[in-house]
**Student:** 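Mind looking over this structure? Questions follow.
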Amino acid sequence: MASISLKSGTVNNMVKNESHKAVENFSEQLANGRLEIEGRSLWADARRRFLNNKAAVASMMVLAAVTLLIIFGPMASQFSYEEIDWANMAAPPSMETGHFFGTDHLGRDLFVRTLEGGRISFMVGALGALVAVIIGTIYGAMAGFLGGRVDNLMMRALEILQSFPFMFLVILMITFFGRSILLIFIAIGAVSWLDMARIVRGQTLSLKSKEFVEAAIISGANSSQIIFRHLIPNLLGIVVVYASLLVPGMILFESFLSFLGLGVQEPMTSWGALVNEGAISMEVAIWQLAFPTAFLVITLFCFNFIGDGLRDALDPKDR
Amino acid sequence: MFIFILKRIGVAIPTLFILVLLSFFLMQMAPGSPFTGDFNMPPEILANLEAKYHLDKPLWQQFAYYLKDLLQGDLGPSFKYKDYTVNELVAQSFPVSLTIGSLAFLFTVIVGVGLGTLAALKQNSWIDYTVMTFSMVGVVLPSFVIAPLMVLIFSISLKWLPAGGWNDGSWQNMILPVAAMGILYVAAIARIMRSSMIETLNSNFIRTARAKGLPRHHIILKHALKPSLLPVVSYLGPAFVGIITGSVVIETVFGLPGMGQHFVNGALNRDYSLVLGLTIIIGSLTILFTAIVDILYGLIDPKIRVGS
Amino acid sequence: MKKPFKALKLVGIPALTLAASIMAATSASAAVVPAGTQLAQVQELVRGNGSEPASIDPQKVEGVPGSNITKDLFEGLVTQDSEGNTIPGQAESWTVSKDNKVFTFKIRDTAKWSNGDPVTAGDFVFAFQRAVDPETASRYAWFMEIPTIVNASAIVKGQKPADSLGVKAIDDKTFQVTLEQPVPYFIKMLAHQTTFPVPRKVVEKLGDSWTRPGNMVSNGAYKLADWRVNEKIVLERNNNYWNNNETVINKVTYLPLQNTPELNRYKAGEMDMTYVIPIEHFKSLKKASPNEVKVTPYLGTYYYSFNTQRKPFDDARVRKALSYAIDRDAITQYVKGQGEKSAYTFTPDTISGFVPPTTAYSKMPQAERNAQAKRLMTEAGYGPDKPLELEILYNTDESHKKIAIAIAQMWKPLGVKVTLVNQEWKTFLDSRNDGKFEVARAGWIGDYNEASTMLDLNTSTHGQNDSQFVNEMYDELMAKSRVVTSDEERSHLYTEAEKILADEMPVAPIYQYVTSRLVKPHVGGYPMSNVEDNVYTRDLYIKKH
């Protein structure tokens, strides 16, 4: 079952005889009792394709390195992220003072702050994307599956939300949740699921007419079972692709909020906040811009390449 | 076609109404009022101010006042800019955003489609990689870094172009903001264009055209370009509204009197009427352009019938 | 910092001498170009102005950007010279009744509006009434209540009609104001835009749109030529200004810019004068172009408010401990570093007519203050085993942020755990005004150059008493200061008031403001000692460059 349904996820792009083959495979596997292993064949296929994408693999490795650095890096420094070194304010990078990336205008160590900021940026990106993906998937799958009047109504609601200026909502939310950047990003995630919902709905519509869903309906599964057990697992491919592109979007959005001064609370920091501070003083203290920006740019590049790689691997024809 | 437009309008009006309603009440829920300021006003002065702008009335009554004016095309007085009405502020700022936005849009489409096509034609070559990596700069580098960097290079160091200001729309003042804004979208368009071009080039009718021995540039320009543009168009519809209604970052960095600054400052100042007015305008434009994209879609792709 | 000589000593001088002393100090409101200076052909100035003004209608202005522009466009009964001394403006002289309550102004015969009409006493009556009229809903209506103009408060409250205000036009050129109490600094307050005249005929004819280019008629050295919201406001020389002959600059453009965008425009040569210098750039600019960095004292204090109605900040020991532990010199030298002075009193040293006392804690070295702070904290029952947890509230801004971070670090050794709370402006004001804070950042700039503009703030009924400090003795002292007639007595009362503040510490003064901006070397006449930061364009000139 698993194999077939997973294939159906991309079935609209597949040539007929491929699915024939799949069915044959399936019965064969069933006969040999190897369903468990072969059941992942599509994922294995995807993995092979992904691993062939050099840019994506390299990005994966770089991202892993960045993540490790963010987690363990601060231990390598004698400073904490909030400590003021009165003797070294806005000091350039130096091995002697132990400020590998220099200090900011308050004499706080930029190496530790850059890594500390990375934690927040990652967290914010992941949380925001997660919330958007969850809401978007459920909403889209429900609209697509239930169809008819409900679909109509849900899509209309989507249209209204879409014509809402995004900035307006965000500023409002900041005035409400001003205290916690995580809450803000959960909220931002909660308003950036619209595209996701649209895509998922489209996919669901095409999945709905597939045999396995009909089979489930005939065997008496109710709507929620079908949505959560049959539809959503099959939508996973596109969801993963979309999510990998949402994460960098969220990280970048956080930096925009920092530009407006509405970002994370001091003394905590984020890459966006650091880059913004760096941009203010780029002529006088270029290191304050260079290091956080390098981290931000590299990470976003990686996410984008990985996203591309995943898309090619999971959903070769989707744009 | 006519029925299609009617239908669209039929949907747009209630959508707009809900938009106004929601924005109105959400805005009022935010802490602070347009009149909280540096110093606490004596209550009687505050009362005078509130009375002047009807803020002393119950919320639903305020909303009724607002709707009544709105139906007459009056967006009310700005709460913050006491010498202006919202209509006047919009009339001043929209042309600025529209000009900068349209030029940036043009820049984006030409460069984006060009780069995307180039990358598709040289798929997996170093040209492809360079072009795509380079175009991604706009996606990974925040505009508040790109824009000041441009100012630093082209205005302060080289002294080629002015560092900011609108200057009644002189072309020198427009180059940097247009470029800084366009770069943000180039990458997205180039990427969409690239993949859709690759897809088109692999399709049967192009193979046929090739088999017939048609020259390469002829195939690309006459046959492949049009269908490849479809996804670009569907991306650009919503993006266009975002571009022409202004970007607060670009406007702040270059000191441009556009709508983006009004929108963000309006929200921060709790200038209720200004924000509501802009929300309505941006909302209407979004609805309008979604409809236009649908029509364009129909024109490019005969398979989709408008109105069906 | 104290100025050696004041042309105008208002406080307590008998009325007639007052007028005489003004006539004697004939420094006119005009550019003073030193002999031998070569002026530039093009006399145009581009100034940074922070942000878009909320209004340029004198009675509706709310904030520095609007105030700067109206001070170029309009002129009140009196104005200031570049030193900040009060000098005659539209009024060429005035007399004061024996009880110091009735002021009669003689308006210049040459005073004209930019459309050529004469400025009349009627225009002043109209403007004064307009400021208090609920119909206008002026934010600065309280400014007319401070000098206790007859009926001002009742009119603002809507209890009396606007025309019952204690002002009248005796004839076209004679304007009279009657006060309820003899407020000694009334004349000084008349250089403020709320008291500027507006052209009655024009305002009545055009309503709210009278402030547009093409509509606006003004009586100052300049008139409005162009206004693009969020881009620029352009003023041109007003040939009908009574002292037009002495104006040098023909055109001034105000840009609503600050910080980096402004700095970039300045560096690109598009501006002659900035509004601020970004804190990050100050040191390098000072090094690179020392003659362009202008730092002048500013009449204001940056301070932290303790919410005295909340535990444990109702305990003066806690407040004092926290205040003592702030290393003010470190903040002024390292964090701000623009020449600010550490503040140990609420009134800044630059105030005229009063020398703030040397408070006891200002004399201690920081180490001793820290030791005292620790002792006070222990007395109040806090220490390493029972740490005090508190929140510092500040509004979104690079410099407030940096100071809050530094102070949080300074409080750490006391065993204080600080959470920083940054709120955007409106939310911040709401929290602070409603007392939803523990420790909040604040700052106060004097509205006129007299100590009461600062000290009144801590009286229990003042709208800006954020710390909700209630002290009967203090209130009494301040009430008394309004009615005493001698300078000495008043100074003594102010000194007592400052002592109460140092003992009770409802607010922790941190530094005395300075204004720092970049001014191109070719701009002449930049005032280096106007503590209210009134930079009138009419006093400036452009040198050949």
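So that the names make sense, note that chain A is the first sequence line, chain B the second, and so on, each numbered from 1.
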**Student:** Between C:Val418, C:Thr427, C:Ile405, which residue shows the highest count of heavy-atom pairs closer than 4.5 Å to chain A?
**Tutor:** C:Ile405
**Student:** Would the distance check show the side chain of A:Glu82 and the main-chain N or O of C:Gln409 forming a donor-acceptor pair, the cut-off being under 3.5 Å?
**Tutor:** no
**Student:** Side chain, backbone, both or neither: which part of C:Ala408 has an atom under 4.5 Å from a heavy atom of chain A?
**Tutor:** neither
**Student:** Checking heavy atoms, do the side chain of C:Asn264, its backbone, both or neither come under 4.5 Å from chain A?
**Tutor:** side chain
**Student:** Check this for me: C:Lys417, atom NZ, are more than 12 non-hydrogen atoms of other residues, nucleotides or ligands nearer than 6.0 Å?
**Tutor:** no
**Student:** Distance from A:Glu83 atom CD to C:Lys412 atom NZ, nearest 0.5 Å?
**Tutor:** 7.5 Å
**Student:** Please flag which part of C:Tyr394 lies under 4.5 Å from any non-hydrogen atom of chain A: side chain, backbone, both or neither.
**Tutor:** side chain
**Student:** Answer with side chain, backbone, both or neither: which region of C:Lys267 has an atom nearer than 4.5 Å to a non-hydrogen atom of chain A?
**Tutor:** side chain
**Student:** Could you tell me the separation between the NZ atom of C:Lys402 and the CG atom of A:Asp104, rounded to the nearest 0.5 Å?
**Tutor:** 7.5 Å
**Student:** Give me the contact list for residues 108-117 of chain A versus chain C, heavy atoms only, anything under 4.5 Å, ordered by residue number.
**Tutor:** A:Arg108
**Student:** Which residues, numbered in order, of residues 272-288 of chain A come under 4.5 angstrom of chain C by heavy-atom distance?
**Tutor:** A:Glu277, A:Ile280, A:Ser281, A:Glu283, A:Val284
